[in-house]
Amino acid sequence: QVQLVESGGRLVQAGGSLRLSCAASGLPFTTHTMAWFRQAPGKEREFVAAISWSGGPRNYVDAVKGRFTIFRDNDKNTVYLQMNSLQPEDTAVYYCAVDQSRFASNIYLSPSDYEYWGQGTQVTVSS
């Protein structure tokens, strides 16, 4: 049984930083691309960042480039999202997700390409 448990979300002031964590179990973690998505109230779930199974290639949505960094610790089966210079528009529930494929050669941006999801962690950025 695959489980993804996110943590680290909280209320923070604009300009602040947060680190989100997602601990995975029940799957061969080192063979899957991992991603972060977010969903703000009244909006669709959107891609934020992803890191390939190899830990090399990464992809970010333009809105977070230069501010957010995704990285993984395969020894701990955990993927992280370091978020700096947070802005009110970053307010959302953040979800981690596991790619459907093993050893995927591409990083996919659509939620439909991800098979397993965590329960989400709330990030609120005050102005």
Exercise. Do you know the tightest heavy-atom contact between A35 and A50?
Worked result: CB-CB, 3.7 Å
For this session: Would you mind reporting whether Q39 and Y95 have side-chain heavy atoms less than 4.5 Å apart?
Result: yes
Exercise. Hey, any chance V48 and V5 share a hydrophobic cluster, counting ILVMFWY side chains that come within less than 4.5 Å of each other, even indirectly?
Worked result: no
Problem set entry | T69 and L81: CA distance, side-chain angles, deciding distance, side chain to side chain contact (heavy atoms under 4.5 Å, CB included) verdict | CA-CA 6 Å; T69 302; L81 185 67; over 6 Å; no
Problem set entry | Step-by-step side chain to side chain contact (heavy atoms under 4.5 Å, CB included) determination, R38 to R45 | CA-CA 6 Å; R38 66 186 179 186; R45 190 168 298 189; over 6 Å; no
Exercise. Side-chain contact, heavy-atom cut-off 4.5 Å: Q119 with E6?
Worked result: yes
Exercise. Are the aromatic rings of F37 and W117 close, with centres under 6.0 Å apart?
Worked result: yes
Problem set entry | T91 and E89: CA distance, side-chain angles, deciding distance, side-chain hydrogen bond (donor to acceptor under 3.5 Å, both in side chains) verdict | CA-CA 5 Å; T91 295; E89 51 267 34; over 6 Å; no
Exercise. Are the side chain of Q100 and the backbone of S112 linked by a donor-acceptor contact shorter than 3.5 Å?
Worked result: yes
Exercise. Can you tell me if R58 uses its side chain to pair, donor with acceptor, with the backbone of F71 under 3.5 Å?
Worked result: no
Distance-only donor-acceptor pairs under 3.5 Å for side chains of residues 8-30, two or more places apart:
from, atom 1, to, atom 2, distance (Å)
S17, OG, N84, OD1, 3.0
R19, NE, Q82, OE1, 2.8
R19, NH2, Q82, OE1, 3.2

For this session: Working to the nearest 0.5 Å, report the span between CE of M34 and CD1 of I51.
Result: 10.0 Å
For this session: Report yes or no: does Y60 contribute a side-chain atom to a donor-acceptor pair with the main-chain N or O of I70 at less than 3.5 Å?
Result: yes
For this session: Is it possible for you to say whether F68 and Y80 belong to one hydrophobic cluster, with membership spreading through side-chain heavy-atom contacts below 4.5 Å?
Result: no
Seminar exercise, completed: When rounded to the nearest 0.5 Å, the distance separating CG of D113 from OH of Y108 is 7.0 Å
Seminar exercise, completed: Between A104 and D99, the two heavy atoms sitting closest are CB-OD2, 3.4 Å
Exercise. In Å, rounded to the nearest 0.5 Å, how long is the span from SG of C96 to CZ of R72?
Worked result: 11.0 Å
For this session: Over all heavy atoms of both residues, which pair between I107 and P57 is shortest? Give the atoms and the distance, please.
Result: CD1-O, 3.4 Å
Exercise. Which residues pass the side-chain hydrogen bond (donor to acceptor under 3.5 Å, both in side chains) test with S127, sequence neighbours left out?
Worked result: none
Problem set entry | Main-chain N/O of V98 paired to E115 side chain as donor or acceptor, under 3.5 Å | no
Exercise. Side chains of Q87 and S85: donor-acceptor distance under 3.5 Å anywhere?
Worked result: no
Exercise. Should M83 and Y94 count as side-chain neighbours, where that means a heavy-atom distance under 4.5 Å?
Worked result: yes
Exercise. Are W53 and F103 near enough that their ring centres are under 6.0 Å apart?
Worked result: yes
Problem set entry | Test item: D73 side-chain N/O and D75 main-chain N/O as donor-acceptor pair under 3.5 Å | yes
For this session: Taking the side chain as every heavy atom from C-beta outward, state whether Y114 and T33 have any atom pair closer than 4.5 Å.
Result: yes
